[in-house]
Amino acid sequence: MQRIAQVLVNIPTKSINKAFSYIIPVHLDFIDIGWRVIVPFGNRKLEGFIIGVTDEEDVSHFDLKPILDRLDDTVWFDDHMMQTARWISEYYVCNLVDAMRLFIPGKSGVKSVTTYRIADHVVIESMIASLLKKSSEYSQVLMYIHKHQPVMIGKLEKEFGPGALKIVNYLARKQVIIGEAVAKKTAMHRYKNVVRLSVTQEVGASLLESFTRKPAQCRLLTYLLAHRELPYDDFAQHNISYDAVKKLVQAGVVSIAKVQSIRDSYADICAPGVQVSLTADQQQVLGAIIPTMQAREYHSFLLHGITGSGKTQVYIEAVAVARANQRQAIVLVPEIALTSQIVARFKARFCDDVVVMHSKLSTGERYDAWQRLRTKQAGIVIGARSAVFSPLPDLGIIIMDEEHEFTYKQEEAPRYHTRQVALTRARLAGGIVIMGSATPSVETYYQALQSEHTLLTMAKRIAGALLPEVTVVDMREELRQKRRSVISLPLLELLAETLERKEQAIILLNRRGYATFVMCRECGHIIRCQHCDISLVYHAVGNLLRCHYCQTVEKTPDICPKCSSRYIRFFGTGTQKLEENLAKSFPGIRIVRMDQDTTGGKMAYDRILDAFAKGEHDVLLGTQMVAKGHDVKNVTAVGIIAADSILNLPDFRAAERVFALLTQAAGRAGRGDKAGKVVVQTYNPEHYAVQAGANHDYTAFYQAEIGFRKELCYPPYGQILKLTTQADEEGKARSQADKIIKKLKSMLQHNDTIEVIGPFPAPIAKIKDVFRMNIVIKAVNIIEVKSYLVDMGLTTRPDVIIDVDPISIM
Ligand code: ADP
Ligand code: ZN
Ligand code: ZN
């Protein structure tokens with residue numbers, strides 16, 4: 001009997017969509033489905049995931065290689081993770097290995113590197129002698145390999161410079177040396193040294209007296225009696241010297257140990273919180289949630305609570321109940337910009353039981369965080385969408401804050417939606433899901449009305465705080481009054497009042513940069529990116545033009561590249577220019593800008609928000625990230641500039657986006673005991689999304705929107721699947737799309753509930769020199785379509801993107 005493993009090799013090649021068989025060697029007999037292993041693949045050694053194991057009588061007639069090693073000490077993919085991955089691969093029609101990769105830290109747990117050694121037949125002395133005739137460098141490289149073998153190329157390059165590669169290739173070609181692949185595990189544990197008592201507490205205490213004349217040793221002993229251990233890194237902080245440690249080691253009182261060091265960049269934010277007594281609304285909502293948790297059965301809730309109604313507190317209480325039952329929790333937030341306040345509140349309540357995860361963590365930090373959750377050292381993970389894949393042995397609750405946010409949809413393969421994954425995982429684990437929002441997505445709200453989720457409502461702000469008063473300013477009217485500034489008169493007045501009262505304001509403008517585009521007034525030429533079909537954006541800093549899609553940077557020309565005229569002008573307003581305008585209108589105003597240009601580093605969002613919350617700035621100005629999630633009591637004014645520009649996009653979710661953005665941005669104002677005011681500048685004052693947003697009226701918005709969705713059979717009434725063809729020439733992308741459409745239409749002839757629309761060029765037809773054509777498939781039930789896509793071989797084609805339930809159809 002021989003155990004054979006079916007292994008998916010972790011490589012991002014879309015066309016390889018099958019498992020390979022490997023022998024499980026005797027020394028690895030304990031490994032099974034779900035283990036991560038290292039396998040030989042071609043001439044490399046790669047990470048693989050075991051997805052099946054069989055027993056074979058006789059394998060001598062197969063040419064099978066053995067698994068080389070395991071990556072972890074335990075199984076990585078538990079049963080629920082495997083099932084979730086399979087579900088993702090079926091629902092989103094992607095390769096299983098791509099779905100499984102979502103569950104590991106980093107892209108791969110293995111790095112394949114080549115090492116070199118001298119070939120067996122080579123007589124080294126004579127070889128060196130003959131190489132010496134060619135060049136001394138060649139013989140030196142060979143000598144080095146002989147002495148240090150096996151040697152990695154990096155080592156040789158360090159020793160001999162970049163020319164080493166050429167020499168190594170030559171020697172390998174002549175079969176003097178042999179290159180062999182080895183696998184290096186990437187996410188290794190990190191260790192740190194700590195000092196510990198090596199005697200019992202009582203003995204330690206009794207010894208204390210005998211050290212009174214040696215203050216340094218006394219300090220260390222006193223510390224260890226109180227805290228058990230002290231990391232080397234903290235010596236300075238506690239005024240401990242290595243010498244004192246050495247003396248106590250010699251005396252046999254303390255010892256030095258190596259322990260696994262857990263990397264945690266949020267380790268410092270743990271402040272004790274204040275206990276709050278829950279409001280009637282919060283109690284009623286929790287009264288519905290908690291009994292379902294005791295039952296250990298799947299249940300989903302939509303918590304529709306207006307901004308500032310105390311949803312976060314509900315999340316905390318629900319998680320506390322889960323923890324009291326020894327079950328683990330995932331808390332999802334839409335983007336890292338929003339994590340800092342919610343993290344602070346969870347840390348205040350749960351301290352070290354919380355781990356924070358987001359895509360900007362290093363692979364090592366992520367690995368450590370997962371290790372703590374897997375081993376139940378921690379019970380709560382907070383993070384952006386990837387946190388939904390955390391390895392929790394006993395998942396009891398998933399919170400999804402701001403469930404309507406589009407960032408929950410991954411825009412690269414696999415194109416999953418976090419909500420769907422969360423519901424699937426909770427169902428498998430017998431846990432609950434709480435989706436919270438002030439502006440629930442139309443689909444989720446519809447499902448709640450259909451009783452797919454339990455709808456819970458909180459309609460009042462905490463402590464009687466009022467929703468802000470909203471003024472809608474018609475910008476066409478402003479223009480008729482000969483006011484051309486981007487800041488309308490009502491907004492100027494509101495800002496003046498606010499600054500006067502020493503309160504703070506937030507201004508939202510959905511465009512970064514100084515001006516949105518650069519145009520020649522003579523010939524109308526607009527300066528565009530050479531690689532993307534989009535205009536470049538002027539940035540005053542450095543006088544540069546930037547492409548916001550491919551990061552190309554160019555110097556701003558003095559004359560028009562087309563007609564050589566000098567009349568190059570900047571049009572539109574970006575955040576940088578707005579900042580300048582405000583500074584002119586309000587001398588001495590302290591403005592902080594938050595957009596992608598100012599938030600490069602890992603913690604930059606947090607720093608900006610923190611400084612703003614402390615009152616170090618009067619105005620927070622930025623793109624949509626200023627609109628969300630945070631709670632600053634002194635903000636009483638919000639200005640929204642051109643939020644409705646989205647309405648001009650040909651997309652069925654445009655109205656939903658505008659409504660959510662207006663409501664969320666307005667929701668930042670008046671969260672304390674001071675009333676708030678909001679000015680919305682728009683060119684579409686009569687649009688239902690703007691009207692309902694200004695009136696804080698979700699129901700009015702929902703009713704208008706759902707009617708429109710029904711009429712056109714958009715979600716939730718129909719499902720959408722978007723296909724995109726990509727090619728380096730426009731014609732190729734189009735002809736591929738045409739072929740697919742023709743085939744699909746003939747296959748779907750019999751079915752009039754499926755509609756194929758297109759092809760049409762993507763709104764930005766070219767990005768990074770790749771042309772893109774879209775096909776939209778609308779269906780009452782999309783399952784049939786998916787099976788056709790598989791039959792047509794589209795799922796493994798690298799030039800075709802399949803997006804199930806796309807966020808936008810553009
Ligand atoms: P939401 O998440 O719905 O926007 P939050 O949970 O952030 O609302 O609550 C808004 C504010 O009210 C926060 O400052 C929070 O600390 C406070 N708060 C929440 N619940 C209570 C309560 N029961 N008693 C007093 N203050 C509360
Ligand atoms: Zn570009
Ligand atoms: Zn010109």
Side-chain angles (χ1 to χ4, degrees), residues 269 271-290 301-321 329 331-335 337-350 354 380 382 397-405 434-440 444-445 455-468 503-504 506 606 609-610 612-615 625-636 638 660-676 678 696 698:
I269 357 183
V274 233
Q275 202 69 18
V276 295
S277 55
L278 299 176
T279 64
D281 267 359
Q282 287 169 333
Q283 280 175 16
Q284 175 225 331
V285 161
L286 283 161
I289 295 171
I290 291 169
F301 297 92
L302 172 59
L303 175 55
H304 179 208
I306 63 168
T307 54
S309 60
K311 295 185 290 296
T312 311
Q313 201 60 42
V314 171
Y315 304 153
I316 291 174
E317 302 300 334
V319 167
V321 173
V331 180
L332 298 164
V333 291
E335 50 192 297
L338 306 183
T339 52
S340 84
Q341 287 210 349
I342 207 167
V343 166
R345 285 172 69 180
F346 270 83
K347 281 240 166 179
R349 178 70 171 267
F350 302 103
V354 177
I380 303 166
I382 303 183
I397 181 170
I398 303 180
I399 306 282
M400 193 171 170
D401 190 25
E402 312 288 1
E403 68 83 33
H404 64 280
E405 286 284 353
I434 304 176
M435 299 173 277
S437 176
T439 54
T444 310
Y445 199 77
L455 181 61
L456 306 168
T457 311
M458 297 204 295
K460 289 194 295 288
R461 276 195 161 179
I462 292 287
L466 295 176
L467 281 170
E503 290 164 3
Q504 289 168 290
I506 292 178
D606 291 355
L609 270 179
D610 221 42
F612 182 65
K614 284 196 190 117
M625 50 184 102
V626 303
K628 297 168 191 170
H630 49 88
D631 181 35
V632 180
K633 299 275 189 292
N634 197 36
V635 171
T636 56
V638 170
L661 194 58
L662 288 183
T663 311
Q664 297 289 341
R668 295 315 111 212
R671 294 172 73 92
D673 45 16
K674 291 172 257 182
V678 178
H696 313 287
Y698 181 81

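Hydrogens, waters and symmetry mates play no part in the numbers below; they use all other heavy atoms, side chains included. Just so you know, these numbers come straight off a predicted model, no measurement behind them. Counting convention: from 1, in listed order, for ligands and their atoms alike.
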message: Quick check: closest heavy atoms across Q504 and G615, and the distance to 0.1 Å?
response: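 For Q504 and G615, the tightest heavy-atom pair comes out as NE2-CA, 3.6 Å.
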Nitrogen or oxygen atoms of [X] and ligand 1 under 3.5 Å apart:
{"X": "K633", "result": "yes"}
{"X": "G310", "result": "yes"}
{"X": "G308", "result": "yes"}

I need the atoms of ligand 1 closer than 4.0 Å to a non-hydrogen atom of [X], numbered in the order shown.
{"X": "I306", "value": "3 (O)"}
{"X": "T312", "value": "2 (O), 5 (P), 6 (O), 7 (O)"}
{"X": "S277", "value": "22 (C), 23 (N), 24 (N)"}
{"X": "T279", "value": "23 (N)"}

message: Among R345, Q282, Q283, Q313, which one puts a heavy atom closest to atom 15 (C) of ligand 1?
response: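 Looking at heavy atoms only, the winner is R345.
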- prompt: Which is closest to atom 27 (C) of ligand 1 in terms of heavy atoms, I342, V632, L303, I462?
  reply: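 Nearest option to atom 27 (C) of ligand 1, by heavy atoms: I462.
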- request: May I ask you to decide whether E317 forms a salt bridge with R349, counting only side-chain N to carboxylate O separations under 4.0 Å?
  value: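 Yes, E317 and R349 are salt-bridged.
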Backbone of T279 reached by a side-chain donor or acceptor of Q282 within 3.5 Å: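 A pair under 3.5 Å: yes.
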field: M435 vs H404 side-chain heavy atoms within contact, under 4.5 Å
entry: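 The answer is no; the side chains never approach within 4.5 Å.
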- prompt: Are Y698 and I306 close enough that some pair of their side-chain heavy atoms sits under 4.5 Å apart?
  reply: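 Side-chain contact under 4.5 Å: no.
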query: Between V314 and D281, is a side chain to side chain contact (heavy atoms under 4.5 Å, CB included) present by the stated rule, with each step listed?
result: CA-CA 10 Å; V314 171; D281 267 359; over 6 Å; no
- request: Mind running ring-ring contact (aromatic ring centres under 6.0 Å, His included) on Y315 and F346 for me, showing each step along the way?
  value: CA-CA 9 Å; Y315 304 153; F346 270 83; 7.5 Å; no
